[in-house]
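Here the structure comes first, spelled out in structure tokens, and everything after it is commentary.
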Amino acid sequence: MSKKYYAPVKPARSYEEQARRLLEMHNLDIGDIAHARRILSTVNYYRLTTYGKHLRQPQNPELFVDGVSLDTLYALYRFDMGLRHA
């Protein structure tokens, strides 16, 4: 029987670090850091960014297109959750 290999767990980041990462590495407008912290404490970072999959630059999918904000992703998330609960 073969052994399973588990990748190391990524270190946890604070909500502020997550917000800075979205801004600096992914070109996402986060607005007010306190507001970003509230959103990120409510919705998982990875779940939230998945809602912006179609809003990324075609030539560099690590970056969101200009003008996309954390509020945009959060609005898409809330819309989807409303549909799920309807």
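Computation of the quantities below employed the complete heavy-atom set of this structure, encompassing side-chain atoms and omitting hydrogens, waters and symmetry-equivalent molecules.
Going from atom CD of Gln57 over to atom CZ of Phe64 covers 10.5 Å, rounded to the nearest 0.5 Å. With values rounded to the nearest 0.5 angstrom, Asp29 atom CG is found 8.5 Å from Leu70 atom CG. Within the model, atoms CG of Leu73 and CG of Leu28 stand 5.5 Å from one another, a figure rounded to the nearest 0.5 Å. The CG atom of Leu22 lies 11.0 Å from the OG atom of Ser69; values are rounded to the nearest 0.5 Å. With rounding to the nearest 0.5 angstrom, the CG atom of Asp32 is 6.5 Å from the CZ atom of Arg38. Of the inter-residue distances, the one linking Leu76 atom CG with Met81 atom CE reads 13.5 Å to the nearest 0.5 angstrom.
A donor-acceptor pair under 3.5 Å is absent between the side-chain atoms of His26 and the main chain of Leu63, judged by distance alone. Distance alone, capped at 3.5 Å, is enough to place a donor-acceptor pair between the Glu17 side chain and the Ser14 backbone. Proximity of a side-chain donor or acceptor of Thr72 to a complementary backbone N or O of Val68 within less than 3.5 Å is not detected.
Placement of Tyr74 and Phe79 in two distinct hydrophobic clusters is found when ILVMFWY residues are connected by side-chain heavy-atom separations under 4.5 Å, directly or transitively. Grouping the Ile, Leu, Val, Met, Phe, Trp and Tyr side chains by contacts below 4.5 angstrom, directly or via other members, places Tyr46 with Leu23. Under a hydrophobic-cluster definition in which Ile, Leu, Val, Met, Phe, Trp and Tyr are linked whenever side-chain heavy atoms come within less than 4.5 Å, directly or via other members, Val65 and Met25 are assigned to different clusters.
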Start with the C-alpha gap between Asp71 and Ile39, add the side-chain angles, then the distance that decides, and say whether side chain to side chain contact (heavy atoms under 4.5 Å, CB included) holds. CA-CA 9 Å; Asp71 284 331; Ile39 291 173; 3.6 Å; yes
Applying side chain to side chain contact (heavy atoms under 4.5 Å, CB included) to His35 and Ile30, what does each step give before you reach the verdict? CA-CA 8 Å; His35 180 65; Ile30 60 159; over 6 Å; no
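Summarising the geometry of Tyr45 relative to Leu40, their closest heavy-atom pair is CA-CD2, 4.3 Å, with the distance given to 0.1 Å. For Lys4 against Tyr6, the heavy-atom pair with the smallest separation is CD-OH, 3.4 Å.
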